Amino acid sequence: LNRNLLSNRVLVWIGLISYPLYLWHWPLLSFTHVIGNRVPSKEVRIALVGVSFLLAWLTYALIEKKIRHSRKKLTVILLSILMIFSATIGLLILKQTWKPRNSGASLEKVVNAAGDWEHPKGLQTVEVNGQTFYLKKSASEEGILFYGDSHIEQYSPRIIELANRLVLNKSVYFATSGGCPPIPNVFEDNHIDCEARQAEAIKFASDPKITSVAIGACWNCYFTEQTNTLIRLGMTYDYFFLDNGKKVYLRQGNGRKLALASLEVMLKRLSATKIVYLILDNPCGKLFDPKTYFEGWRLGLEGVSVKEMITQTPFDKEQQILRNELIEIANRAGAIVIDPIPTLCPNNNCMVLTNDGIPLYKDGNHLRPFFVRNFADYIDIAVESTGN
């Protein structure tokens, strides 16, 4: 192995530059992510690794070799000075004597909001035929199933809060997966395990110990044009209804109609034997995203600041239409509607910030844990009144 593989010239060369390669690749990848405010595309990441190899070789050839083989006392003195200088900077930052450029109360509020997420913290995992579900267990064997995508996951802090208050009289299961809509035959090409997850969630809903099912999702993400471009990790999401093997896209032709009809059939079937709740969506859009309010550039002379944020925005009309349509579907199917809009959008004006200027959302469509935990009491009916 050593003679035929590890002593290969290419591998030996990589070994020689391995430490500067380690030093270079991570700052390049990290800063590209930070400056672009998202994970860079695969092509950019590959190019950055290539640049890392070039810089690592130059570092090895022009700096490391010369320092390593230098016999000059000046080299040791300069290295010692650099080490002391670096340690001093670290100490000043640690003691907060040297303040960062990118600081300030407003900026801190926005930074804390971006990416704020807790699910599945506080829940235990449950394996169901190869699928991982989550559970908040109570003394009762009877259970409530929350089925959906990340817009159901965002409510887990509220469930945990109710459990801590000792008002949770049944176990709560989460059969969820971000970006996987709880609608039979609705998929997208990037989420390849969605079909299996849907099948197991519906099968689990039929278990006798499950007394009620609460179904919710980012309905706005799937059905409205305001959220047409869903980009995550450099991928564009485009959902379709699989009609006898044919993809009928939700934003084109008959796909929306087929998908909503499929949702209604599922709700009606479950309502025949269970208490079923349809959880409507919270408002979504760019104005809710705290990252929208950054201005400036991290590497610029002025650094990053936060421009004035709006405190509320009118409830989008297209999302209103979808909400009304879902209410009608729930009524026809015998499901109970859980509607967050009266709480989030009083008088049809949707809250973006608290009275203290703290963002309610972590991005353009997910509520933050602190708000859900303390104020999303509209969800309580699903866990407090079942079986009464």
Side-chain angles (χ1 to χ4, degrees), residues 106 109-119 148-158 161 178-179 181 214-232 251 256 260 277-295 306-330 336-382:
S106 298
K109 288 177 181 178
V110 173
V111 169
N112 290 340
D116 188 14
W117 191 250
E118 289 187 6
H119 181 86
D149 58 16
S150 59
H151 279 223
I152 286 291
E153 292 177 349
Q154 70 184 352
Y155 290 117
S156 66
R158 181 69 184 180
E161 175 67 17
I215 297 171
C218 185
W219 309 117
N220 294 321
C221 298
Y222 308 132
F223 293 109
T224 70
E225 287 301 319
Q226 190 180 17
T227 54
N228 193 2
T229 307
L230 291 176
I231 299 177
R232 184 170 59 194
R251 301 180 191 277
R256 174 192 168 99
L260 290 174
Y277 299 90
L278 181 64
I279 303 174
L280 304 184
D281 207 358
N282 52 266
C284 303
K286 185 177 180 181
L287 291 176
F288 296 98
D289 190 348
K291 294 190 290 293
T292 303
Y293 298 94
F294 284 127
E295 62 180 359
V306 174
K307 56 189 175 183
E308 185 177 356
M309 299 178 70
I310 62 169
T311 57
Q312 58 185 24
T313 183
F315 187 24
D316 178 71
K317 290 184 178 180
E318 188 183 11
Q319 293 182 25
Q320 288 186 50
I321 292 170
L322 176 62
R323 169 176 171 260
N324 294 335
E325 198 170 356
L326 289 169
I327 291 172
E328 292 177 3
I329 287 172
I336 301 168
V337 172
I338 294 178
D339 189 0
I341 297 304
T343 299
L344 297 172
C345 304
N347 301 317
N348 273 347
N349 286 312
C350 302
M351 295 183 295
V352 177
L353 306 174
T354 66
N355 293 334
D356 298 327
I358 298 173
L360 267 62
Y361 288 73
K362 84 175 187 75
D363 53 27
N365 62 92
H366 293 96
L367 294 165
R368 294 180 63 192
F370 88 88
F371 179 83
V372 169
R373 185 181 298 110
N374 296 306
F375 302 107
D377 54 0
Y378 50 83
I379 205 76
D380 297 0
I381 184 176

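What you are looking at is a predicted structure, and each value in this text was computed from that prediction instead of being measured. Note: hydrogens, waters and symmetry copies are ignored here, and every other heavy atom, side chains too, is used.
Take Tyr378 and apply the side chain to side chain donor-acceptor pair (under 3.5 Å) test, not counting sequence neighbours, and it matches Tyr155.
To the nearest 0.5 Å, the span separating CD on Gln154 from CH2 on Trp117 amounts to 5.5 Å. Here CD1 of Ile152 is found 3.5 Å from CD1 of Ile279. Values are rounded to the nearest 0.5 Å. Between the NZ atom of Lys307 and the OG1 atom of Thr292 there is a distance of 7.5 Å, given to the nearest 0.5 Å.
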Determine, stepwise, if the pair Leu326 / Leu278 fulfils side-chain contact (heavy atoms from CB on, under 4.5 Å). CA-CA 8 Å; Leu326 289 169; Leu278 181 64; 4.2 Å; yes
Check against side-chain contact (heavy atoms from CB on, under 4.5 Å), Asp377 and Arg158: CA-CA 8 Å; Asp377 54 0; Arg158 181 69 184 180; 3.4 Å; yes
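Between Phe375 and Phe371, the ring-plane angle classifies as tilted under the 30° and 60° cut-offs.
In this structure the side chain of Asp363 reaches within 4.5 angstrom of the side chain of Asp289, judged on heavy atoms. Looking only at side-chain heavy atoms (C-beta outward), Leu260 and Ile329 come within less than 4.5 Å of each other. Residues Asn282 and Tyr361 meet the side-chain proximity criterion, which asks for heavy atoms closer than 4.5 Å. The shortest side-chain heavy-atom distance between Phe315 and Arg323 falls under the 4.5 Å cut-off.
Ionic pairing of Lys109 and Asp356 is not present here: no N-O contact between side-chain nitrogen and carboxylate oxygen is shorter than 4.0 angstrom.
Cysteines Cys284 and Cys218 are not disulfide-linked, with SG atoms at least 2.5 angstrom from each other.
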